[in-house]
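In what follows, a single structure is set out as structure tokens and then discussed.
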Amino acid sequence: MDKVYIFDTTLRDGEQSPGASMSIEQKIEVAKLLANTGVNIIEAGFPISSPKQYEGVKRIAETVEGSVIAGLARTLEKDITTCYEAVKSASHKRIHTFIATSDIHMTYKLKKTKNEVLKLAIQAVGLAKSMVDDVEFSAEDATRSDWAFLADVYSAVIEAGATTINVPDTVGYTTPDEFAELIRYLLNNVKGIKNVIISVHCHNDLGLATANTLSALKTGARQVEVSVNGIGERAGNASLEEIVMSLRTRKDIFKLDCDIHTENIYHLSKTIVYFTGIPVQPNKAIVGENAFAHEAGIHQDGMIKHRMTYEIMTPQSIGRQKSLLVLGRHSGKHGLKQKLVELGYTVKEEDFKRVYDRFVEVADKKKEVFDEDLHAILEEELNIIPEVFSLVYFSVVTGNKVIPTATVKMRKKSQELQEAATGDGPVDAVYRAIEKITDTPVKLINYSINAVTHGKDALGGVTISVERNGKVYRGYGVATDVIEASAHALLNAINKILNNNIE
Ligand SMILES: [Zn+2]
């Protein structure tokens with residue numbers, strides 16, 4: 001069976017989506033997970049775009065093994081040399097350079113002629129090739145470009161040394177039939193195309209990213225650019241989980257294989273939700289809350305008689321087990337350690353104590369601690385934002401006939417600070433007290449709360465977005481008490497602001 005190369009762009013295109021910014025430590029964590037999942041190429045960032053992007057790509061190149069590490073670069077010389085500096089220490093490295101080829105982009109954005117664009121593409125690929133063997137070229141907005149010109153550009157960059165040519169549907173404009181026709185046209189009209197990998201990069205503006213990607217694979221593309229949960233610019237990218245599970249579930253149609261260990265998919269999806277604060281819709285294919293839930297009576301009856309009546313893949317195949325009772329307060333440090341290994345976490349010794357204390361706190365309140373609870377605790381505790389402030393204690397007086405009043409005590413290094421405030425509700429009162437102590441007023445633009453597991457003693461996970469000086473920051477917090485979870489979420493966001501954890 002032919003192999004499809006999985007190129008993941010969660011850390012580049014995905015991280016470009018509004019408010020999705022991750023810390024460098026989080027990016028390294030994600031890159032390690034992607035490598036362990038069998039992703040062939042990790043696009044780690046766009047090094048020239050900011051010092052933080054550069055640092056992120058460089059650290060990933062230095063520490064992550066098992067995948068090709070790619071960086072993005074325009075066709076400018078300084079982009080390519082900076083990209084090379086960032087990826088050079090990876091055992092397998094790639095420079096991914098791009099320039100737009102559609103009339104609308106060339107005329108209005110680049111203000112360049114076809115000839116100038118062609119020249120820049122050739123020069124850029126040549127320069128990249130002098131530094132690394134593995135060079136990818138993308139013709140931005142390919143699906144709205146003149147096909148004959150596109151064929152000329154690809155032929156020229158292949159001659160200049162490109163080993164992968166990417167055909168992006170940058171604005172999510174194409175349809176499955178049209179895209180297949182374009183790939184077929186390129187196969188017939190690009191010189192040397194048989195010696196390189198054809199890649200596709202589809203956006204979801206019309207909800208067709210997965211369909212277009214699969215259609216290109218049917219026609220001869222062998223690399224797909226995808227992101228976890230489909231995050232990315234605007235409506236996002238084709239999602240890794242949808243492409244991979246389509247290939248697996250319909251092997252009979254696609255007759256293609258890939259290296260992904262699908263049992264990692266659910267954990268990967270959860271990690272991206274926690275790190276970016278971007279939730280997954282409940283009916284999202286593969287990883288949504290309801291993706292394996294059967295509600296209608298007829299369906300449930302069928303499922304009991306034979307699972308295959310309504311299930312085309314199993315939740316286990318993506319690492320999604322039924323909630324199993326895992327631990328109680330008597331499980332101890334050893335039990336917790338073992339469970340963490342089982343769940344795929346590597347927790348450093350210095351972090352373990354924090355995780356254990358948090359676990360005991362939760363186990364005291366809830367008696368039964370499930371896998372999902374542990375995921376939530378870990379994602380918060382390993383959120384790896386250096387803590388400027390930490391919560392010591394809070395109390396709230398509230399009711400329908402009193403003005404909600406909160407007292408909050410927090411620690412900053414060895415200093416303890418306390419403030420009281422009133423608000424429209426208990427969460428608002430706590431938030432105002434926290435803003436006073438940290439001297440960091442923010443505008444709350446989004447607040448959502450989710451039960452991590454089921455039942456009335458379930459952990460509550462709170463995700464918020466706040467705005468400060470025109471920038472959006474996300475925060476996540478988890479606790480059995482929703483006000484406490486809300487406080488953790490705001491502190492998480494404020495610690496990000498104080499660490500200036502965003503480009
Ligand atoms: Zn894109």
Side-chain angles (χ1 to χ4, degrees), residues 1-9 13 38-41 43 101 136-145 147-148 150-151 153-155 158 162-228 230 232 235-262 265 284-287 312-313 317-318:
M1 235 186 286
D2 245 14
K3 174 169 149 174
V4 176
Y5 290 89
I6 305 293
F7 175 115
D8 182 278
T9 188
D13 213 320
V39 164
N40 305 100
I41 303 105
E43 187 164 54
T101 50
E136 173 170 338
F137 173 80
S138 283
E140 190 188 5
D141 205 16
T143 49
R144 292 193 300 169
S145 301
W147 288 13
L150 206 52
V153 173
Y154 286 134
S155 301
I158 291 172
T163 41
T164 300
I165 56 160
N166 183 38
V167 189
D169 184 27
T170 307
V171 291
Y173 181 69
T174 198
T175 65
D177 287 345
E178 182 191 61
F179 203 38
E181 211 179 306
L182 172 58
I183 302 294
R184 217 170 291 125
Y185 175 85
L186 296 174
L187 277 166
N188 292 327
N189 292 280
V190 173
K191 269 189 240 112
I193 199 164
K194 296 275 151 54
N195 308 319
V196 300
I197 299 276
I198 304 173
S199 166
V200 291
H201 176 110
C202 295
H203 276 275
N204 209 28
D205 297 70
L206 294 172
L208 293 172
T210 297
N212 289 336
T213 302
L214 291 172
S215 174
L217 286 178
K218 273 298 270 173
T219 319
R222 286 297 174 265
Q223 174 181 288
V224 290
E225 301 197 357
V226 292
S227 69
V228 177
N237 289 72
S239 90
L240 180 145
E241 60 277 11
E242 290 174 18
I243 299 296
V244 168
M245 291 315 285
S246 294
L247 294 180
R248 284 287 153 86
T249 309
R250 296 312 306 272
K251 249 186 185 151
D252 57 325
I253 301 265
F254 296 107
K255 301 182 174 66
L256 291 168
D257 212 350
C258 67
D259 294 333
I260 299 295
H261 312 303
T262 61
I265 284 177
K284 165 82 174 65
I286 322 288
V287 294
I312 57 166
M313 57 197 153
S317 65
I318 60 154

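- Separation of atoms CD (E178) and CD1 (I183) is listed at 11.0 Å; rounding is to 0.5 Å.
- No donor-acceptor pair under 3.5 Å is formed between the side chain of S239 and the backbone N or O of G230.
- Considering only heavy atoms from C-beta on, K218 stays 4.5 Å or farther from L256 through its side chain.
- A donor and an acceptor atom, one from each side chain of N40 and D259, are located under 3.5 Å apart.
- Across all their heavy atoms, Y173 and R144 have their closest contact at CD2-CG, 3.6 Å.
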Next on the checklist: The test is side chain to side chain contact (heavy atoms under 4.5 Å, CB included); show your working for T163 and N195 and say whether it passes.
Outcome noted: CA-CA 8 Å; T163 41; N195 308 319; over 6 Å; no
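- Enclosure of atom NZ in K191 is not indicated, since only 12 or fewer non-hydrogen atoms of other residues, nucleotides or ligands lie within 6.0 angstrom.
- Residues A142 and V167 approach most closely at CB-CG1, 3.8 Å, considering heavy atoms.
- Atom CD in E181 sits 10.0 Å away from atom OG in S215 (nearest 0.5 Å).
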With side chain to side chain contact (heavy atoms under 4.5 Å, CB included) as the test, would you mind laying out the steps for Y5 and S199 before giving the verdict? CA-CA 9 Å; Y5 290 89; S199 166; over 6 Å; no
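- For the pair A285 and E241, the tightest heavy-atom approach, listed with the atom from each and the gap, is O-CG, 4.4 Å.
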Practice item. List the steps and the verdict of side chain to side chain contact (heavy atoms under 4.5 Å, CB included) for C258 and V244. Key: CA-CA 8 Å; C258 67; V244 168; 4.2 Å; yes
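- Here R248 pairs with D257 in a salt bridge; the nearest charged N to carboxylate O distance falls below 4.0 Å.
- T143 and T174 share no donor-acceptor pair across their side chains, judged by distance under 3.5 Å alone.
- Side chains of L150 and N189 form no contact here, defined as non-hydrogen atoms less than 4.5 Å apart.
- In this structure, T213 contributes its side chain and A209 its backbone to a donor-acceptor pair below 3.5 Å.
- Pairing each heavy atom of A211 with each of P176, the nearest pair is CB-CG, 3.8 Å.
- To the nearest 0.5 Å, atom OG1 of residue T9 and atom CD1 of residue I41 are 11.5 Å apart.
- The distance from atom CD1 of I253 to atom CG of L217, rounded to the nearest 0.5 Å, is 13.5 Å.
- Inter-residue side-chain proximity for V153 and F137 is flagged as met; some heavy-atom pair is nearer than 4.5 Å.
- In the model, T210 has a side-chain atom that pairs as donor or acceptor with a side-chain atom of E242 under 3.5 Å.
- Looking only at atom types and distance, the side chain of N166 has a donor-acceptor partner in the side chain of S138 under 3.5 Å away.
- Between the side chain of H203 and the backbone N or O of G236 there is at least one donor-acceptor pair closer than 3.5 Å.
- Residue M245 comes nearest to T249 through the heavy atom pair O-OG1, 2.6 Å, listed as atom of the first residue, atom of the second, then distance.
- For the pair R250 and S246, the minimum side-chain heavy-atom distance is 4.5 Å or more.
- Here the CD atom belonging to E225 is positioned 12.5 Å from the CG atom belonging to L240, to the nearest 0.5 angstrom.
- With N212 contributing its side chain and L208 its backbone, the two residues share a donor-acceptor pair below 3.5 Å.
- Remark: Y185 OH is packed, more than 12 non-hydrogen atoms of other residues, nucleotides or ligands lying under 6.0 Å away.
- Counting heavy atoms from C-beta on, the side chains of V228 and I265 never come closer than 4.5 Å.
- At a threshold of 4.5 Å between non-hydrogen side-chain atoms, the residues N204 and N237 do not count as touching.
- Taking both residues in full, the closest heavy atoms of T101 and S145 are given as OG1-OG, 2.8 Å, listed atom of the first, atom of the second, then distance.
- Interatomic distance, T219 OG1 to L182 CG, rounded to the nearest 0.5 Å: 9.5 Å.
- With no hydrogens or angles considered, no side-chain donor-acceptor pair links E136 and T164 at under 3.5 Å.
- Inter-residue side-chain proximity for K194 and L187 is flagged as met; some heavy-atom pair is nearer than 4.5 Å.
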| said: side chain to side chain contact (heavy atoms under 4.5 Å, CB included), that's the test. Do V226 and F7 meet it? Break it down for me. | reply: CA-CA 6 Å; V226 292; F7 175 115; over 6 Å; no
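- In this structure the side chain of V4 never reaches within 4.5 angstrom of the side chain of F254, judged on heavy atoms.
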Exercise. Where do D2 and K255 land on the salt bridge (Lys or Arg N to Asp or Glu O under 4.0 Å) test, with the steps shown first?
Worked result: CA-CA 7 Å; D2 245 14; K255 301 182 174 66; over 6 Å; no
